[in-house]
Protein chains: 2
Amino acid sequence: MATKPASEGAEAGAERISEAEHAVMEALWQRSPQTAAEVCDTVCAERGWSMPTVKTLLSRLVQKGVLDTQPDGRRFLYTPLIARSAYVGTESRRLVERLFGGRAAPLLAHLAEAEALTPDDIAEIERLLAEMKK
Amino acid sequence: MATKPASEGAEAGAERISEAEHAVMEALWQRSPQTAAEVCDTVCAERGWSMPTVKTLLSRLVQKGVLDTQPDGRRFLYTPLIARSAYVGTESRRLVERLFGGRAAPLLAHLAEAEALTPDDIAEIERLLAEMKK
DNA sequence: GGCTGTCGATTACATTTGTAATCTGAATGC
DNA sequence: GCATTCAGATTACAAATGTAATCGACAGCC
């Protein structure tokens with residue numbers, strides 16, 4: 001890569017999303033596009049935030065290149081640029097990497113030990129494994 | 001809770017451990033107790049840190065109540081006060097909670113999809129499941 | 001057409017985190 | 001005993017994060 005691309009740090013999803021920002025993303029993954037006010041309806045109730053807080057988080061997410069804006073009259077509609085599954089995958093792998101040296105089995109063992117696995121989970125995991133082995 | 005307990009924020013493990021701090025904990029979980037210099041031997045190489053950085057992180061971990069110190073001549077020996085498995089369990093559950101609404105199965109599904117599961121992992125997970133069902 | 005409310009944008013500010021330099025006091029070498 | 005050295009402690013400081021107030025512009029009401 002000789003010539004650096006003009007768009008400075010704009011690869012969608014490259015930036016790290018903080019926990020507060022994640023709450024906002026979650027709202028937008030649930031439904032999009034939404035206005036800032038709509039997002040606030042959801043997250044302000046959940047987290048006890050005020051409107052300005054949500055505005056800030058939205059701005060930062062736009063800056064980070066993970067939200068797209070389109071004008072709608074005088075306000076903006078916000079849409080995620082990265083899929084939830086991509087984010088979730090990245091975060092999961094990051095954790096497995098950091099805590100279990102990349103091996104997923106110990107993770108499961110820990111969850112099992114912590115009784116974080118319901119019988120339903122177990123059944124579903126078995127189903128998944130069966131499918132993977134096909 | 002009428003009367004607040006006297007010990008101000010001293011419950012071991014209640015505090016959040018940052019990622020840099022985690023690297024230090026990891027070294028001490030590997031072997032303990034260790035002096036600051038010994039910890040540095042490990043992590044400074046891994047992360048390109050300098051001694052003062054390690055000192056700071058150690059101090060913060062002591063403050064947070066997750067490391068214990070015992071004097072050894074003129075230096076300190078540092079020992080973890082929380083078990084690695086406890087930390088790992090907390091972090092795992094936090095992630096599962098945040099990303100999958102507490103259900104572990106979708107986590108596994110994501111790891112599977114991301115090919116983060118080796119055949120060994122799969123075998124071991126099956127073994128775990130079998131054991132849990134007993 | 002001016003007032004008011006409503007947007008997004010800008011600015012603010014405390015806390016946490018990452019990374020480190022400097023200070024201070026005790027041990028050690030001579 | 002006194003200088004040197006080597007601990008931990010204190011201080012520093014920029015970036016990221018959490019949380020929000022304020023500003024400036026435009027839309028709609030009267």
Send over the distance from [X] [atom1] to [N] [atom2], rounded to a whole Å.
X	N	atom1	atom2	value
His22(A)	dG18(D)	NE2	P	12 Å
Glu46(B)	dT19(C)	CD	P	13 Å
Glu19(B)	dA16(D)	CD	C1'	13 Å
Glu38(B)	dC6(D)	CD	P	16 Å
Gln63(B)	dG8(D)	CD	C1'	13 Å
Met51(B)	dA20(C)	CE	P	13 Å
Leu57(B)	dT16(C)	CG	C1'	12 Å
Asp72(B)	dG8(D)	CG	P	10 Å

> Could you give the distance from CG (Leu129(B)) to CG (Leu129(A)), rounded to the nearest 0.5 Å?
Replying inline: 6.5 Å

Which part of the nucleic acid, if any, lies within contact of [X], taking any heavy atom under 4.0 Å across all strands shown: a base, the sugar-phosphate backbone alone, or nothing?
X	answer
Thr53(A)	base
Ala37(B)	nothing
Thr56(A)	base

>> Can you give me the closest heavy-atom contact between Leu99(B) and Ser92(A), atom names plus distance?
In response: CD1-OG, 4.3 Å

>> Other residues, nucleotides and ligands only: do more than 12 of their heavy atoms fall within 6.0 Å of CZ on Arg98(B)?
In response: yes

Can you identify which nucleotide, out of [options], has its nearest atom closest to the [X] side chain?
X	options	answer
Phe76(B)	dG18(D), dA9(D), dG18(C)	dA9(D)
Ala36(B)	dG18(C), dA21(C), dG8(D)	dG8(D)
Arg75(B)	dA7(D), dT19(D), dG8(C)	dA7(D)
Ser18(A)	dA20(D), dT17(D), dT19(C)	dT17(D)

> When you match Lys55(A) and Glu21(A) each to their closest nucleotide on DNA chain D, which lands nearer the 5' end?
Replying inline: Glu21(A)

> Which sits closer to the 5' end of DNA chain D, Gly48(A) or Ile17(A), going by the nucleotide each is nearest to?
Replying inline: Ile17(A)

> Starting at the 5' end of DNA chain C and moving along, which residue's nearest nucleotide shows up first, Tyr78(A) or Arg60(A)?
Replying inline: Tyr78(A)

> Is the closest basic N to carboxylate O distance between Glu124(A) and Arg127(A) below 4.0 Å?
Replying inline: yes

> Do Arg16(A) and Glu91(A) meet the salt-bridge criterion of a basic N to acidic O distance under 4.0 Å?
Replying inline: yes

